[in-house]
Number of protein chains: 2
Amino acid sequence: MPPDEQSGSAAQVLELVANGTAASRADLVRESGLAASTVSARVQELVDAGLLTESGEGVSRGGRRPRLLRVADHGAVALAADLGSRHIRTGAVGLTGTARDVEECAFDLTAGPGPALDVLAERLTALADRQRAAGRTVRGVGIGFPGPVDTADGRIIAPSRMPGWHLFALRDRLADRLGLPVLLDNDANVLALGEHRAAHPALRHLVVVKAGRGIGAGIISDGRLYRGARGSAGDISHVRVDEAARLPCSCGNIGCLETVASSAAIAAALRAQGFRADSTTDVLRLVGNGEPHATTLVRQAGRDIGAVLAVVVNFFNPEAVILGGALSGAEPLVAAVRGMLYERCLPMATGELVIRAAVRGPDAGLLGAGHAALRELPTAHGK
Amino acid sequence: MPPDEQSGSAAQVLELVANGTAASRADLVRESGLAASTVSARVQELVDAGLLTESGEGVSRGGRRPRLLRVADHGAVALAADLGSRHIRTGAVGLTGTARDVEECAFDLTAGPGPALDVLAERLTALADRQRAAGRTVRGVGIGFPGPVDTADGRIIAPSRMPGWHLFALRDRLADRLGLPVLLDNDANVLALGEHRAAHPALRHLVVVKAGRGIGAGIISDGRLYRGARGSAGDISHVRVDEAARLPCSCGNIGCLETVASSAAIAAALRAQGFRADSTTDVLRLVGNGEPHATTLVRQAGRDIGAVLAVVVNFFNPEAVILGGALSGAEPLVAAVRGMLYERCLPMATGELVIRAAVRGPDAGLLGAGHAALRELPTAHGK
DNA sequence: GAACTTTTTTCGGTGACCGAAGGAAGTCGG
DNA sequence: CCGACTTCCTTCGGTCACCGAAAAAAGTTC
């Protein structure tokens, strides 16, 4: 599926060095399970390809000193964009796994694909120019989109709350404008990739929730992103959680998780109570200020999300549930999800389950998008 | 993970012939994606090993006639046992994928592991003797158990409703008694293996529900059985579906799927209404007779199961949901699940979703257990 | 400074697969 | 009935990814 992908174990070697699991060939032998000769050969390839560099020697452990390896960060970066329904966040991601030159601007995606394409192209062009001016090579672009994506075609599919986007060929349109290869995926998927690679590389089964104005999930199964039969796996935003609710959802049903537990829903409820609350930021501010109504609403949202995740945890039995997206910045939400999972799941499923907020915070999605782009986009000289 | 497993593509070749997808080497080339030379080599191996036989020639399609291949059914079988909380079903499964000498007897698993081991050993010994008398070689035993199983250790783990079984080493105890290698897995898992291999080999992502006195699910992800982090994936029996329920469940919670939608729950409700209903068979009989109360209860159970599966379908996005277990014999249940899924899931998830009852009926679990045993158990002469 | 350790490379496999070429056995159209 | 085309299958010489044994390289310890 990935157009490029080096010999398999080479990617693994690079990954282990990139996320800090291994710093020398000997480490790689221990961590990867490969034969020493294989590791040596792969490292040599990667050094020759300019992806790894040797950087001095480490401390001896009673024998020869290890020759330390580092990911070569001099050269290539991928541009990354994390699209939200109300904002666009951009940055440059290098092989070392850090985001540089991060910017966020307000933008309403519901305005339709035309304006969005303009803004994206403009900001990414500027970003590319700055990166090139700094001497870095821009290898491609990774985009996380807050709605269903056909990753094969690079098109948006029937996103709720965003009329006009259906079947928009964002990937190719953007690639034309930028003259760069573009990778397009769902925002929760790139978030999951980012969290997995940067924070939990050792875990094999992982559910990463993105809770913001919408609610989605990315699934890592057996160490790889799981997309499902039609690519819509992880779409929990329209699971019914409130039988009594009368609020209609954009999907045509009622009581969807998204209409009761997203930050859009919380903000609306707060406005109905007389608060000034438009954005997720406003909600977080009110919670941070200790506003009881806001805290109650966020906690209830956490319980609703937790109720859905309880089914998911029993069914999928992951090693970790990671909460990302802007709402995960609210402690009460994380606490409520935890409580719900421990209450409702089988002890066998929660026994060693890790439940925590995304460690990379607001950049996690960006890192995932950049990472994916660096890994999967074709390049001229075999990466 | 499987102790034996032939060269990978050999297993694939055998599988394609066994399930009827391919009948000649040329078919195998088309279906498997392997090179013709590779197919030829693997077929030769399998013929030499006595697993495949050539059986005459097929009809020409304008060129040389294909040399037809068949799975050699002369020799080896695995014994299989499908344990229910109230019955034990046994049979012999050959490489051709048919169950022979199937028997079912009533037995109460809650009586504890001792008596169960005796009955199992006795019936399987008799079955083995009959198979050997018929000139077949018994290669091993596959067991499906209606509760959580540690497949690495071959032990039962904390099954609800079955005190005394916790940590019982069923696999090794049975292997000692029979003098045969034993494979032990959860009943829903072996059901999923059986349905996938026998009925839907082309599908890659599959959820197979076993609805009987308990409710479990087996997951096929990427063509392979998915067990999750701790091996408890698919355990949806204790998902809360009825907030208002006061019925306590063996797990300590209330409103679990199992306490409201299992045949045990339906039978109890029918008894409360004055009907004679002890077993799943009684429930099916009443539904078959058109008894309105029974049909209503079964339909409601289907809706409850459907509500849980709706979350699962949105999250996992499978190609098919297969309903197995005794309750799947009730048409209203299948209809109710269908209705619930189409109502509650996103169109993208249900667009091409197959929802149907297990085609192998009551033998599906048996076939899966036998199949798994034949595939994964070690044998003397390299299978 | 001899005897271990640890790290890394060299070298000769091995196993699974592929692709080109060609043989074997057909059909079909004149 | 004979050549031209198809389809099926095998033979043969690769390639690729990896492994394992051995040894070289570089250190530590007593």
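Numbered from 1 within each chain, the chains take letters A, B, ... in sequence-line order.
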For residues 29-38 of chain A, please give each side-chain donor-acceptor pair under 3.5 Å, one per line with the distance, not counting sequence neighbours.
unit_1: A/R30; atom_1: NH2; unit_2: A/D27; atom_2: OD1; d: 2.7
unit_1: A/S32; atom_1: OG; unit_2: A/L28; atom_2: O; d: 2.6
unit_1: A/S32; atom_1: OG; unit_2: A/L34; atom_2: N; d: 3.1

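For B/S9, a side-chain nitrogen or oxygen approaches OP1 or OP2 of C/dC17 to under 4.0 Å. Phosphate proximity of D/dC19 to A/T38: present, with a side-chain N or O under 4.0 Å from OP1 or OP2.
One atom, CD of B/E45, and another, C1' of D/dC9, lie 16 Å apart when rounded to the nearest Å. When rounded to the nearest whole Å, the span between CZ of A/R42 and C1' of D/dC19 equals 11 Å. Distance, B/L28 CG to D/dT7 P: 18 Å, rounded to whole Å. Spacing between atom CG of B/L34 and atom C1' of C/dG15 amounts to 15 Å, rounded to whole angstrom units. At whole-Å resolution of the value, CD in B/E57 and P in C/dA25 are 9 Å apart. Remark: C1' of D/dT11 and CD of B/Q44 are 13 Å apart, rounded to the nearest angstrom.
Scanning for salt bridge (charged side-chain N to carboxylate O under 4.0 Å, His left out) contacts around B/R227 gives B/D185, with sequence neighbours left out. Taking the ring-ring contact (aromatic ring centres under 6.0 Å, His included) definition, one finds that B/H200 meets it with nothing, sequence neighbours left out. By the side chain to side chain contact (heavy atoms under 4.5 Å, CB included) test, B/R204 is found to be paired with B/D222, B/E319, residues two or more places apart in sequence or in another chain being considered.
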Could you list all N or O pairs between the protein and nucleotides 6-8 of chain C that sit under 3.5 Å apart?
unit_1: C/dT6; atom_1: O2; unit_2: A/R64; atom_2: N; d: 2.9
unit_1: C/dT7; atom_1: OP1; unit_2: A/R61; atom_2: NE; d: 3.4
unit_1: C/dT7; atom_1: OP2; unit_2: A/R30; atom_2: NH1; d: 3.1
unit_1: C/dT7; atom_1: O2; unit_2: A/R64; atom_2: NH1; d: 3.2
unit_1: C/dT8; atom_1: OP1; unit_2: A/R67; atom_2: N; d: 2.4
unit_1: C/dT8; atom_1: OP1; unit_2: A/R67; atom_2: O; d: 3.4
unit_1: C/dT8; atom_1: OP2; unit_2: A/R25; atom_2: N; d: 3.2
unit_1: C/dT8; atom_1: OP2; unit_2: A/A26; atom_2: N; d: 2.7
unit_1: C/dT8; atom_1: O3'; unit_2: A/R67; atom_2: NH1; d: 3.4

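Along DNA chain C, the nucleotide nearest to A/V39 and the one nearest to B/A35 differ in position, and the one closer to the 5' end is contacted by A/V39.
Counting non-hydrogen atoms under 4.0 angstrom, B/G33 reaches the backbone sugars and phosphates but no base.
Without hydrogens or angle criteria, B/D153 side chain to B/R155 main chain gives no donor-acceptor distance under 3.5 Å.
Sorted by first and then second residue, the salt bridge (charged side-chain N to carboxylate O under 4.0 Å, His left out) pairs with a member in residues 35-44 of chain B read B/R42-B/E45; sequence neighbours excluded.
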